[in-house]
Amino acid sequence: MKIGVPKESYPGEKRVATTPEVVGQLIKLGFEVRVEKSAGVNAKFSDQAYRDAGAEMVDDSTIWEDSDIILKVRAPSESETDRLKPDQTLISFIWPAQNPELLEKLADKKVNAMSMDAVPRISRAQKLDALSSMANIAGYRAIVEASNHFGRFFTGQITAAGKIPPAKVMIIGAGVAGLAAIGTASSMGAIVRAFDTRPEVKEQVESMGAEFLELDYEEEEQGGTEGGYAKEMSKAFIDAEMALFREQAKDVDIIITTALIPGRPAPKLILADMVESMKDGSVIVDLAAEQGGNCELTEPGEVVVRHGVTIIGHTDLPSRLSTQSSQLYSTNLRHMLADLTPERDGQIVIDMDDDVIRGATVVHHGEITWPPPPISVTAAPQKAAAVTAAEIVPVDKRALAKRKAMTTGGVLVALVLGLLALGRVAPPEFMSHLIVFVLAVFVGWQVIWNVTPALHTPLMSVTNAISGIIVIGALLQVGSSSWLIVFLAAIGILIASINIAGGFLVTQRMLSMFTREEDNQ
């Protein structure tokens, strides 16, 4: 089958649906890849790079007419939708919940449409999760944009001119974008606080060095859905949430909002009075601007100043890092196509019994299949089953110690009886040698296991100790009258000496790796 990658037509979109690196991987899956001329220029991928990877560079008309599969970033425009043919497969961001009219048009065209934003968030589908890939970039870029408009350092400093306090950053929503923003802000030295309706993300937030803000709210309410997304909360919870944000707005310098609910407009979390209470020079970056914004004063696609606060409403944050975004997104598409091509023969199979494929498929053979049936997998950790008092069996430590002592005593008695029985039938010379052997084993064990691990590993120290005992034993046998014993003793001395020398040589090399060489004067 032929894959077509058109140039994105959405104004300002710089990403491309595949990269030269991924082209080679798609060809290995059995596909022919055609890329529209100049499709990757804005993402810093030249036409020649695509040709070198094995792609055919074609004109705009050829892409839509001769391709079996169309790969895009943005949802198709009206003119692009009109150019689709029956039985073609479109894979892109579609946002089916927000674009019911587009679904109707795609169904009328009798195409197969797969929406990368509808991939279910389960472990098996992480490699296909384009939303997380783009959110990761958006979270990073949000901090970069905030620092560009913020008038101070992020990190605190003490200089001759005075003390500079660190910036205080509050991040609302600890999903992929929020965690990326937390990591970036923390690495820049800011004091970071984060809030999320899902309590299970608290440990993730704290592990990244941020403070997790908790509500003074008595009732327990889960903030996550089975698909791993946030959900709309009760009025009492929202009131407590707003009180927290109103208090924090007066103290923090930067607010990053990332809250989205699938299929719904972005919830309003930062109201006008909160913006007014913020300090002059503060910054708000609204990552939900494309869905209406989490801030009441956000203007999608614009940067505005209200009450002395800069409100950034960019809707193209991933596109501002177009090279990285294109690489990650095209990798997600490649994994999707790999799952659709089980035989690696360039022929896709849309298996509607597969939860991942079914979840991403929004139109199948001209029929709208959105929304998909629920998946019985939850992203929240399961509560441990309660253990009743009857199930708890107390451990009697005295009984355990008694059983252990009886077992050890039984083994010792068996050994003594065995030695007595052996002594009655064995010659006297054998018993004397046996006693020497047992004593040698005991002394050797004490010597070896009490060696201080002065070398680079305890194992090397123990090995050298064993080799040293072998050398001593072999030296005692060198004066034997039997040439065989002398020969074996000599071999033992040679091999053990090589082992000892090798141990010290390896140790010296290991130590030299951590020694700084002084410059020759």
Side-chain angles (χ1 to χ4, degrees), residues 123 200 203 206-207 378 380-511 513-514:
S123 298
E200 60 266 22
E203 292 183 359
E206 294 176 342
S207 69
T378 178
Q382 298 292 331
K383 294 182 179 180
V387 180
T388 62
E391 296 175 334
I392 301 176
V393 179
V395 178
D396 190 341
K397 294 184 178 180
R398 291 185 178 180
L400 286 176
K402 185 177 180 181
R403 285 198 296 270
K404 185 177 180 179
M406 291 178 64
T407 302
T408 304
V411 172
L412 291 175
V413 170
L415 287 175
V416 171
L417 293 176
L419 289 175
L420 289 175
L422 184 62
R424 292 181 63 87
V425 297
E429 294 81 2
F430 175 80
M431 293 305 298
S432 63
H433 287 306
L434 180 63
I435 292 172
V436 171
F437 174 75
V438 172
L439 291 175
V441 170
F442 178 75
V443 172
W445 174 69
Q446 290 292 329
V447 169
I448 291 170
W449 290 107
N450 282 284
V451 170
T452 301
L455 302 180
H456 68 279
T457 65
L459 177 60
M460 188 64 72
S461 299
V462 170
T463 303
N464 277 13
I466 294 173
S467 299
I469 291 177
I470 292 173
V471 170
I472 294 173
L475 287 173
L476 293 175
Q477 300 298 324
V478 168
S480 174
S481 58
S482 173
W483 67 270
L484 181 60
I485 294 177
V486 173
F487 177 72
L488 294 175
I491 292 178
I493 293 172
L494 176 63
I495 296 176
S497 299
I498 292 174
N499 192 32
I500 293 172
F504 281 106
L505 180 61
V506 172
T507 300
Q508 185 62 34
R509 289 185 177 180
M510 292 290 293
L511 294 175
M513 294 173 61
F514 302 96

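Treat the numbers as computed from the prediction; the structure is a model and nothing was measured. In what follows, residues are counted from 1 in the order of the sequence shown.
With sequence neighbours excluded, the residues that form a side chain to side chain contact (heavy atoms under 4.5 Å, CB included) with L488 are L484. Evaluation of the side chain to side chain contact (heavy atoms under 4.5 Å, CB included) rule for I498 yields L494 as partners, not counting sequence neighbours. By the side chain to side chain contact (heavy atoms under 4.5 Å, CB included) test, I493 pairs with A474, L475, V478, S497, sequence neighbours left out.
The shortest heavy-atom contact between I470 and G492 is CG2-O, 4.1 Å. Annotation for S467 and A496: closest pair O-CB, 3.5 Å, computed over non-hydrogen atoms.
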